[in-house]
Amino acid sequence: MLVRLENTTKKLCVIGDPVLHSLSPLIQNTMLSALALPYLYLCQTVPKGETAEWVKCARFTGYAGFNATMPHKEALLPLLDHADEGVLRVGAANTVCIKDGELYGYNTDGPGFLRALAELDFHPGGKRILLLGAGGAAKAVALSLADAGAREVVVCNRTLAHAQTLCAHSPVLRPAGFSPDELSREAEGCGLLVNCTSLGMAGTARQFETLSFLSALPAGAVVCDLIYAPRETLLLSQARALGHPAMNGLGMLIHQAILALEHFTGLSLDAAEMARLVKKALPNE
Ligand code: NAP
């Protein structure tokens with residue numbers, strides 16, 4: 001990838017801790033290079049508790065914007081001058097633009113997931129959906145599914161109290177437990193299952209106790225895993241073996257990045273073309 005540097009090149013960045021494994025610089029620089037835009041996208045480790053210090057540095061050194069991952073998404077909230085509705089609903093920001101010294105915050109998690117889902121030709125309107133997990137990603141995805149017209153989103157989580165807190169944000173959301181029996185019961189009649197837990201993620205030995213709940217899904221139900229490392233989790237391979245259309249978290253990651261670049265540049269991008277370019281540039285694993 002060719003990055004042309006001028007003294008006026010605008011700086012973008014992803015912050016987090018850990019963050020050095022992030023695919024965002026590769027994704028963003030691929031798009032910037034293809035579009036010949038005068039930006040460079042970097043990667044910066046910023047430890048927990050240092051969000052405000054980073055914001056001061058980013059303003060002073062003239063960053064045009066940045067993305068934030070763990071542990072800064074919530075900590076950014078009180079530092080923003082302007083927060084869009086998604087940020088206020090989810091209580092976290094992952095994209096920040098800096099214009100005239102002021103911080104504009106956005107959350108692209110939910111919209112990125114919906115765009116990825118649309119690639120599978122799945123539309124949540126009127127559907128019953130089973131969502132596993134009640135953490136930050138689950139909240140963004142659940143609220144975007146509710147906003148997109150889902151009839152019911154059942155939020156199953158290991159810690160029931162976390163599911164109950166999340167579900168208080170919309171009447172379409174309903175909390176439930178995480179036992180194999182409960183998961184199977186709730187899977188019945190669902191057109192979509194989304195795993196928003198970290199079960200099956202690379203670097204952790206934790207897996208679902210059983211995937212028997214997949215057998216309770218109706219034929220043709222779509223199964224999504226937000227995880228993209230590994231590309232194929234046990235959940236996804238088992239779902240495919242049962243004949244379900246399945247999708248990993250790469251599409252969500254890519255569409256979030258496209259939305260973030262639209263915020264940074266103010267341009268409206270050809271999302272399908274950008275996604276095609278980025279998928280080609282990413283390593284297979
Ligand atoms: P998080 O806030 O830490 O939430 C983790 C969730 O997993 C919680 O609901 C937690 O349940 C559950 N969990 C953890 N260990 C479990 C276990 N042993 N058994 C059952 N449930 C367990 O994390 P997050 O930020 O929401 O991220 C969740 C996943 O989404 C991660 O794998 C992350 O990589 C992925 N993600 C992908 C994208 C993308 O663009 N594709 C974006 C964001 C996140 P408790 O409430 O009981 O602790």
Side-chain angles (χ1 to χ4, degrees), residues 14 16-19 21-24 26-28 48 67-76 86 90-95 106-117 119-120 130-145 153-168 173 175-180 182-183 186 193-211 213 223-236 246-261 275 278-279 282:
V14 57
D17 191 13
V19 75
H21 64 285
S22 173
L23 292 172
S24 294
L26 176 58
I27 295 175
Q28 293 291 355
K48 188 177 165 76
N67 289 119
T69 180
M70 267 186 9
H72 301 292
K73 288 178 166 190
E74 286 87 13
L76 274 168
V90 177
N94 67 353
T95 301
Y106 306 91
N107 192 313
T108 60
D109 277 332
F113 175 74
L114 288 183
R115 277 199 186 181
L117 207 51
E119 279 189 354
L120 279 187
L130 179 56
L131 190 139
L132 312 181
K139 188 174 182 187
V141 169
L143 291 176
S144 66
L145 287 168
V153 181
V154 186
V155 178
C156 290
N157 195 50
R158 176 181 62 176
T159 310
L160 183 60
H162 294 167
Q164 287 166 334
T165 305
L166 195 168
C167 292
L173 310 180
F178 205 76
S179 71
E182 249 169 318
L183 293 179
E186 298 297 352
L193 181 149
V194 192
N195 177 36
C196 303
T197 74
S198 45
L199 291 171
M201 194 166 72
T204 151
R206 289 172 305 186
Q207 288 290 352
F208 285 93
E209 189 183 323
T210 163
L211 292 169
F213 55 86
V223 176
C224 296
D225 204 326
L226 295 202
I227 293 170
Y228 51 84
R231 298 284 191 266
E232 187 84 345
T233 56
L234 280 179
L235 175 78
L236 291 185
M247 177 179 93
N248 66 20
L250 210 52
M252 174 177 171
L253 181 78
I254 292 170
H255 281 288
Q256 281 187 71
I258 296 168
L259 287 161
L261 188 56
V278 168
K279 279 178 192 159
L282 285 175

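Please read these numbers as outputs of a predicted model, since none were measured by experiment. Whatever order the structure lists ligands and atoms in, that order sets their numbers, starting from 1.
With a 4.0 Å cut-off on non-hydrogen atoms, L199 touches ligand 1 through its side chain and not its backbone. When heavy-atom distances to ligand 1 are checked against a 4.0 Å cut-off, N157 comes that close only through its side chain, counted from C-beta outward.
Distances below 4.0 Å separate heavy atoms of F178 from the following atoms of ligand 1: 20 (C). Taking a cut-off of under 4.0 Å to the non-hydrogen atoms of G249, the atoms of ligand 1 that pass are 39 (C), 41 (N). Listed by number with element, the atoms of ligand 1 under 4.0 Å from a non-hydrogen atom of G133 are 9 (O). Interface of G136 with ligand 1, defined as ligand atoms under 4.0 Å from a residue heavy atom, comprises 2 (O), 26 (O).
For the residue pair N195/T197, the side-chain donor-acceptor check at 3.5 Å is satisfied.
The single protein non-hydrogen atom nearest to atom 1 (P) of ligand 1 is G135 CA, 4.1 Å, given as residue, atom name and distance. Nearest non-hydrogen protein atom to atom 12 (C) of ligand 1 is T197 CB, 3.8 Å. Closest to atom 28 (C) of ligand 1, if we only count protein heavy atoms, is C196 O, 3.2 Å. Considering only non-hydrogen protein atoms, atom 47 (O) of ligand 1 sits nearest to T159 OG1, 2.5 Å.
Distances from atom 3 (O) of ligand 1 to the protein include no heavy-atom value under 4.0 Å.
Considering backbone and side-chain atoms together, I227 places no N or O closer than 3.5 Å to any N or O of ligand 1.
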D109 vs K139, salt bridge (charged side-chain N to carboxylate O under 4.0 Å, His left out): CA-CA, chis, key distance, verdict: CA-CA 9 Å; D109 277 332; K139 188 174 182 187; over 6 Å; no
Residues E119, K279; criterion salt bridge (charged side-chain N to carboxylate O under 4.0 Å, His left out); working and verdict: CA-CA 13 Å; E119 279 189 354; K279 279 178 192 159; 3.2 Å; yes
Intermediate values then yes/no, side-chain hydrogen bond (donor to acceptor under 3.5 Å, both in side chains), E232 and N248: CA-CA 7 Å; E232 187 84 345; N248 66 20; 5.8 Å; no
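Contact check for L234 versus L211: side-chain heavy atoms found under the 4.5 Å cut-off. Between I254 and Y228, the closest side-chain pair of non-hydrogen atoms is not below 4.5 Å. L145 has its side chain within reach of L117: a pair of non-hydrogen atoms, C-beta onward, lies under 4.5 Å apart.
Each of V194, L199, L183 was checked for a side-chain contact (heavy atoms from CB on, under 4.5 Å) with L132, and the lone residue meeting it is L183. The side-chain contact (heavy atoms from CB on, under 4.5 Å) test with T108 singles out one residue from L259, N67, L261, and that residue is L259.
Annotation: E209, atom CD; neighbour count of heavy atoms from other residues, nucleotides and ligands within 6.0 Å does not exceed 12.
Relative to atom 24 (P) of ligand 1, the option among A161, A137, G203, G251 with the closest non-hydrogen atom is A137. Among T233, L226, V155, the residue whose heavy atom sits closest to atom 36 (N) of ligand 1 is L226. When H255, R206, M252 are checked for heavy-atom proximity to atom 42 (C) of ligand 1, M252 turns out nearest. Nearest residue to atom 5 (C) of ligand 1 from A163, A116, S198, A134 is S198 (criterion: closest heavy atom). For atom 31 (C) of ligand 1, the candidate residues are Q256, H162, R158, M201; the nearest heavy-atom contact is made by M201.
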